[in-house]
Amino acid sequence: MCLVVLIILVKGNLQTNPCRRIRTIIPTVCRCLQRGKEKVKMKCVNTDKWSNFTFIPTMPNITSHLYVRGFRLTNVSKETFQNLVNIKLREIALVNNNILKISSDAFQEMKSLKNLEISREKLLSKEEISKMFFHLPRKIEELKFSSNTWVSPPPTLTGLHNTSLKRLILSYNYLHSLKGEWFSNLTKLSTLDVQFNGLTVKKCNFTGLERIRNLFLNGNWFKAFPNFCDYPSWNLTRLHFQYNKLTEFRPSYFQCLPRLTHLYLNGHAIRKLYNNTFSNLTSLRELYIQRLAGQLFQVDARAFESKTLVKLVFTSNWFVFRSSPVYFKYCPKLTTLDISFNDLSMLTEDKLLGMLKPLENLTTLWIRNTRLRFLPRNLLKYLPLLTKLNASENQLNGSWNGLSVFGNSSTLKYLNLSANGIEKITKENFPLTLLNGMGKGGLDLSFNRFSCNCDDALWFYKWMHAHKDRFASLSCIVCHFDKPVQMRTAILFDLKERELCPINPAVLIAIISSCSVLFGGFLILAVLFKLRWNIRHCLYVITYRKKGYETISNDPDFKYDVFLVYADNDGVFVFDTVVPYLEAKAYSLCVRSRDFEAGKVYCDNIVDNMNLSRRILLVLSNNFAKSKWCEFQLNFAYNRCLDEKINNIVVTVLEEISFKYLSNTLKVLLTSYEYALWSKSDEMGQALFWEKVLRKLQFHKTHIECANGVVNVI
């Protein structure tokens with residue numbers, strides 16, 4: 001019976017992933033990617049071994065998409081695809097295959113072909129492409145010719161007139177002009193992508209593009225907005241006009257696009273948004289204004305006015321919201337608002353609430369990294385339909401009244417308050433009506449400053465264990481023991497309740513005192529108990545001084561000799577200097593960008609690999625001191641040092657660290673530890689640096705700096 005069940009489970013698992021069923025017949029140069037339940041995409045990329053590969057090998061019958069890159073398909077013809085004739089291929093992408101010639105009937109037998117890409121082929125003749133159009137399957141829906149260095153499209157598109165072509169992509173070429181008449185006879189064409197070329201307003205004529213609904217003009221050289229009023233019969237619904245050269249958005253730009261529903265205006269150096277800029281777009285539903293190069297300094301009160309707008313993404317502009325509380329008052333249908341990576345620190349509670357209060361239909365609010373210091377009272381009262389709130393990476397400390405902010409019956413299903421300064425969660429600041437309403441994975445409280453104090457954490461600790469499916473990243477919710485708070489941390493969920501709430505010292509003293517009276521040793525025991533830490537410390541120091549240094553043999557439990565902790569901005573120093581030098585000395589290093597397991601939670605990668613390393617080498621710098629990820633790794637390293645009573649931390653200093661960035665932990669490291677200081681120009685200083693590092697990396701078990709430093713701080 002058990003054998004039958006096992007066979008059924010294995011068979012079912014194979015059926016769910018078609019790539020597993022065909023793994024024995026996949027060509028050596030290809031990789032299988034699942035596309036739906038019964039279809040796969042074959043991605044074939046050239047290696048040196050297959051550099052003379054000139055035809056497409058036989059593919060599994062369930063292949064629907066084929067991607068081929070980097071081969072020498074010099075002459076592409078019908079014979080190139082002879083092994084694919086009996087396969088119902090929907091998509092073929094040929095990228096950078098050194099194609100010189102392509103026969104007109106190359107794809108004639110591909111009856112099911114819907115999408116075709118020929119990109120990064122700089123030597124291929126456009127005339128041959130034009131001839132090929134006549135023999136393409138009439139069901140073709142998308143053609144992509146990208147990065148071919150074309151200054152104009154193929155000379156004639158006549159061969160495409162009777163096809164089902166809907167999307168034409170000519171991006172990343174050298175087009176300097178655009179004439180709508182080129183595409184006027186493509187009656188079913190709805191999407192035209194000419195982004196990242198060299199187009200300007202003077203050399204664009206959109207006559208003939210009346211059927212286009214989705215137009216990509218990103219990354220060109222437009223210094224002015226095209227006058228769409230010259231083309232009154234436009235059916236355009238989506239306009240992608242990002243990363244051009246505009247310096248202002250005038251309301252007159254958008255007067256003649258009555259059917260436009262989506263407008264993308266990211267990446268312009270705009271200094272001011274005027275009143276009624278978008279009010280003439282009578283069908284507008286989604287508006288994206290992002291990354292304005294830090295130039296925006298003024299937004300008029302009615303700049304976003306729109307009776308139809310439902311989604312506004314106004315992020316990464318670092319615009320300072322100062323006084324006006326009515327920026328979104330004239331967007332009555334707005335349901336999604338994202339103003340992340342701007343500055344709300346100048347707004348008082350009343351002004352912030354006044355800015356959000358008119359948005360009665362809002363369901364999603366993103367205010368990530370806005371320097372916010374509070375959540376306004378009555379937030380959910382005035383936003384009764386809000387289901388998603390992201391206020392991560394701010395300066396919130398959790399000191400609000402939960403019922404006042406969230407009310408009695410919260411509609412919130414997703415709440416992200418990660419990377420703030422919240423110290424504790426109680427029924428007062430996070431009422432049960434809020435927590436119980438969270439959806440699966442809907443609550444993210446990682447990277448805050450929770451206390452491991454029993455009174456502060458026990459209630460939330462129990463709720464976590466009863467509702468762990470509600471959390472987005474349990475392994476990143478850490479708490480701090482003792483004082484200063486940075487000295488010892490733990491993953492809150494992994495703690496035992498007795499660790500969180502140890503026996504009360506007063507009770508323990510009472511028990512010891514009672515026993516002392518019975519045995520007549522009250523005075524001696526009381527003195528010993530009171531001085532227990534001092535005695536243990538002295539014994540520890542004396543014992544290890546007598547033993548001296550003793551090399552630890554290779555331990556099979558350790559996978560690495562050294563775990564590197566460094567800031568991303570110091571990566572050049574680490575990879576150009578530290579890694580080559582230490583690996584040349586036969587040390588095994590764990591470097592996160594190289595050795596972390598792909599797809600694994602980042603926090604788990606840190607914890608697991610640090611536990612597999614003998615030593616932890618810290619590369620301290622100002623970048624290190626400002627990084628929350630580095631702080632997390634430093635705290636975990638200290639925690640391990642305390643638990644094992646072995647100095648496994650090696651401290652190096654890349655540059656002088658500014659006092660304003662010094663945490664309590666870093667102060668202890670720099671005042672209690674002998675550290676190696678890097679010299680950028682002095683060879684003798686660099687030699688001394690490496691001498692200290694290598695001495696610290698000797699595997700001795702009698703280093704006691706860690707224990708001494710921590711006990712002194714406590």
Side-chain angles (χ1 to χ4, degrees), residues 18-19 22 25-27 29-36 38-46 53-121 124-146 148 153-154 156-170 186-191 193:
C19 287
I22 62 173
I25 59 174
I26 297 175
V29 295
C30 300
R31 185 162 59 96
C32 180
L33 303 172
Q34 185 174 352
R35 299 288 296 223
E38 295 297 330
K39 297 295 181 182
V40 298
K41 175 180 179 178
M42 302 303 298
K43 187 172 183 179
C44 307
V45 180
N46 178 39
F53 185 67
T54 58
F55 65 94
I56 307 298
T58 302
M59 296 291 168
N61 290 331
I62 60 175
T63 303
S64 62
H65 296 66
L66 176 63
Y67 177 90
V68 180
R69 188 185 74 196
F71 294 95
R72 293 186 179 276
L73 302 177
T74 309
N75 297 309
V76 176
S77 64
K78 187 186 300 185
E79 286 71 26
T80 306
F81 306 101
Q82 61 184 350
N83 293 321
L84 309 178
V85 173
N86 297 322
I87 299 176
K88 294 183 178 180
L89 273 176
R90 292 178 53 86
E91 179 177 309
I92 296 178
L94 303 177
V95 180
N96 194 24
N97 289 293
N98 301 286
I99 300 175
L100 298 178
K101 294 183 179 181
I102 187 166
S103 65
S104 60
D105 60 351
F107 301 97
Q108 187 172 5
E109 301 299 325
M110 304 285 102
K111 303 299 183 183
S112 301
L113 192 62
K114 299 284 188 181
N115 302 337
L116 174 62
E117 177 181 359
I118 302 177
S119 295
R120 297 181 66 184
E121 302 295 348
L124 183 59
S125 168
K126 291 184 293 183
E127 286 72 17
E128 293 188 0
I129 295 289
S130 291
K131 294 177 183 179
M132 181 194 70
F133 289 156
F134 288 95
H135 299 277
L136 284 177
R138 299 296 91 184
K139 295 181 180 180
I140 196 76
E141 293 182 355
E142 177 178 300
L143 289 174
K144 181 176 181 179
F145 303 100
S146 182
N148 292 326
T156 176
L157 302 178
T158 306
L160 299 173
H161 287 181
N162 296 322
T163 65
S164 301
L165 188 65
K166 297 178 181 178
R167 298 175 296 278
L168 179 59
I169 302 171
L170 300 171
L186 303 179
T187 57
K188 295 186 179 180
L189 188 66
S190 61
T191 297
D193 185 345

Between [X] and [Y], which heavy-atom pair has the shortest distance, and what is it?
X: Met110; Y: Pro137; answer: O-CG, 2.8 Å
X: Gln34; Y: Cys19; answer: N-SG, 3.8 Å
X: Tyr67; Y: Arg69; answer: OH-CD, 3.3 Å
X: Leu73; Y: Val68; answer: CD1-CG1, 4.2 Å
X: Ser77; Y: Ser103; answer: CA-OG, 3.2 Å
X: Leu33; Y: Arg31; answer: CD2-NH1, 3.5 Å

- Give the C-alpha distance, both sets of side-chain angles, the deciding distance and a yes or no for side-chain contact (heavy atoms from CB on, under 4.5 Å) between Lys114 and Glu91. CA-CA 6 Å; Lys114 299 284 188 181; Glu91 179 177 309; over 6 Å; no

- Task: Evaluate side-chain contact (heavy atoms from CB on, under 4.5 Å) for His161 paired with Leu186, printing each intermediate quantity in order.
- Result: CA-CA 5 Å; His161 287 181; Leu186 303 179; 4.1 Å; yes

Within this structure, what is the [atom1]-[atom2] distance for the pair [X] and [Y], rounded to the nearest 0.5 Å?
X: Glu117; Y: Leu94; atom1: CD; atom2: CG; result: 8.0 Å
X: Thr58; Y: Ile26; atom1: OG1; atom2: CD1; result: 13.5 Å
X: Leu89; Y: Lys39; atom1: CG; atom2: NZ; result: 9.0 Å
X: Leu84; Y: Ser112; atom1: CG; atom2: OG; result: 12.0 Å
X: Ser164; Y: Leu136; atom1: OG; atom2: CG; result: 11.5 Å
X: Ile118; Y: Asn96; atom1: CD1; atom2: CG; result: 13.5 Å

Does any non-hydrogen side-chain atom of [Y] lie less than 4.5 Å from one of [X]?
X: Leu189; Y: Leu160; answer: no
X: Val29; Y: Phe71; answer: yes
X: Thr80; Y: Ile56; answer: yes
X: Pro154; Y: Glu127; answer: no
X: Leu116; Y: Met132; answer: yes
X: Ile62; Y: Val40; answer: yes
X: Phe107; Y: Ile102; answer: yes
X: Glu141; Y: Leu143; answer: no

More than 12 foreign heavy atoms under 6.0 Å from [atom1] of [X]: is that the case here?
X: Lys166; atom1: NZ; answer: no
X: Lys188; atom1: NZ; answer: no
X: Lys126; atom1: NZ; answer: yes
X: Asn162; atom1: CG; answer: no
X: Lys88; atom1: NZ; answer: no
X: Arg167; atom1: CZ; answer: yes

- Lys41, Lys43, Met59 screened by side-chain contact (heavy atoms from CB on, under 4.5 Å) with Cys30, the one that passes: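 Result for side-chain contact (heavy atoms from CB on, under 4.5 Å) with Cys30: Met59.
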
- Message: For Glu128 and Ser104: C-alpha separation, side-chain torsions, deciding distance, then whether side-chain contact (heavy atoms from CB on, under 4.5 Å) applies.
- Response: CA-CA 7 Å; Glu128 293 188 0; Ser104 60; over 6 Å; no

- Under 3.5 Å, is there a donor-acceptor pair between the Asn115 and Glu142 side chains? no

Using modelled atom types and a 3.5 Å cut-off, is there a donor and acceptor pairing between side-chain atoms of [X] and backbone atoms of [Y]?
X: Asn83; Y: Phe81; result: no
X: Asn148; Y: Arg120; result: yes
X: Ser130; Y: Thr156; result: yes
X: Ser119; Y: Ser146; result: yes
X: Asn97; Y: Arg72; result: no
X: Glu121; Y: Asn98; result: yes

- Message: Quick one, Phe133 with Leu157, criterion side-chain contact (heavy atoms from CB on, under 4.5 Å). Give me CA distance, side-chain angles, the key distance, then yes/no.
- Response: CA-CA 7 Å; Phe133 289 156; Leu157 302 178; 3.5 Å; yes

